[in-house]
Amino acid sequence: MSPVTTSRDRAPAGQGRVQMHFKENRLLPLLYGDRDQHLGQIERQLGVSVVSRGNRLAISGPAAAAEVACSALTSLYDRLDQGLEVDPPAVDAALRLATENAGDAAEPVWNEGAAIQTRKRRITARSAAQAAYIRALRERELVFGLGPAGTGKTYLAVAAAVDNLMSGAVERIILSRPAVEAGERLGFLPGDLREKVDPYLRPLYDALYDMLPAEQIEKRLAGGEIEVAPLAFMRGRTLANAHVILDEAQNTTPVQMKMFLTRLGENARMVVTGDLSQIDLPRGTRSGLQDALDTLRDVPEIGIVEFGEGDVVRHPLVARIVQAYERRDRSRRGDGSAGDHS
């Protein structure tokens with residue numbers, strides 16, 4: 001018997017009434033949340049009513065919204081059944097995925113193909129684009145992750161790298177970024193190479209520390225299993241048996257990007273992340289990321305995953321900030337006042 005059964009009641013045109021019956025009572029306090037906060041979150045976001053009666057839920061409201069709520073609750077229950085936690089961000093992710101997949105026979109949200117296991121936590125997709133990205137990171141040797149801040153493109157790339165290192169699939173992780181707004185003029189900065197570069201690689205470090213104990217990171221940095229280096233230091237190298245990440249790739253030139261991509265060696269994985277709306281190159285300089293996409297988009301072995309503003313999974317305010325800036329940029333492009341940094 002399925003752990004969740006559903007039935008539909010008669011309802012006025014355009015309205016839906018869904019009855020859900022859960023087999024296991026023990027998971028319901030975690031599903032509903034403290035003081036039913038998760039159910040309240042679903043009600044507010046979808047404009048539906050969710051009433052709990054023991055191990056039964058009654059959902060009523062606009063027909064499409066009621067079905068989305070039912071799908072989201074089913075996937076969240078499945079998440080709990082797999083031993084994963086359910087918190088407000090997970091509820092938000094389930095609602096987003098259920099909305100995106102409405103009417104489709106989509107694969108389960110929390111399946112193994114859309115999850116990455118690290119030493120500290122199991123990371124699951126929080127949008128359909130994230131699920132596609134995780135699959136591409138597993139299946140492709142070269143992956144481009146494109147989109148605005150907060151979509152998880154860098155975080156998931158680091159998670160996949162840690163997973164590959166811990167499983168022995170690769171021998172090292174190499175993290176790189178164009179430094180100092182793509183100019184890589186590091187000589188005037190105080191300190192040794194790592195001290196010069198660290199401020200520009202901080203987001204990559206933050207992701208690492210979220211996935212591995214601090215002492216392991218320091219040990220692996222000292223032993224060379226994890227390496228951080230500015231893009232210029234990739235020249236002349238062949239990167240074999242490594243998981244290589246180039247972050248903020250929109251700030252590379254075409255020459256730099258070609259140099260980086262041609263470093264790919266045997267048994268290596270390469271991930272390139274960037275946001276083409278945040279190019280810091282001098283006006284009139286073509287972005288190496290855009291150039292690579294235009295050149296390589298039709299190469300079937302390469303994975304390209306594009307995130308949109310709807311995939312932002314940080315604080316909800318971040319999504320609204322991204323949307324506001326994109327509206328402004330579209331308006332400026334419409335009146336011809338914005339420069340072209342592509």
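Since this is a predicted model, take the numbers as computed values, not measurements. Positions are given from 1, in the same order as the sequence printed here.
- Looking only at side-chain heavy atoms (C-beta outward), I217 and Y209 come within less than 4.5 Å of each other.
- In this pair, Y77 and F22 present their aromatic rings tilted. The plane angle is within the 30 to 60° band.
- Electrostatic pairing of R237 and E227 counts as a salt bridge here, judged by a charged N lying under 4.0 Å from a carboxylate O.
- In this structure, the separation between OH on Y133 and OG1 on T273 is 6.0 Å, given to the nearest 0.5 Å.
- Under a 3.5 Å cut-off, the side chain of S176 and the backbone N or O of A229 do form a donor-acceptor pair.
- A distance-only check finds no donor-acceptor pair linking the side chain of S331 to the backbone of R327 [under 3.5 Å].
- Within the 4.5 Å cutoff, side-chain heavy atoms of D210 are placed close to those of Y155.
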inquiry  = Evaluate D78 against T74 for side-chain contact (heavy atoms from CB on, under 4.5 Å), listing each step before the verdict.
reply    = CA-CA 6 Å; D78 179 57; T74 300; 5.8 Å; no
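- Electrostatic pairing of R297 and E306 counts as a salt bridge here, judged by a charged N lying under 4.0 Å from a carboxylate O.
- By the 4.5 Å heavy-atom criterion applied to side chains, D247 and V272 are not counted as neighbours.
- Between the CD atom of E139 and the CD1 atom of I134 there is a distance of 11.5 Å, given to the nearest 0.5 Å.
- A donor-acceptor pair under 3.5 Å is formed between the side chain of S287 and the backbone N or O of Q250.
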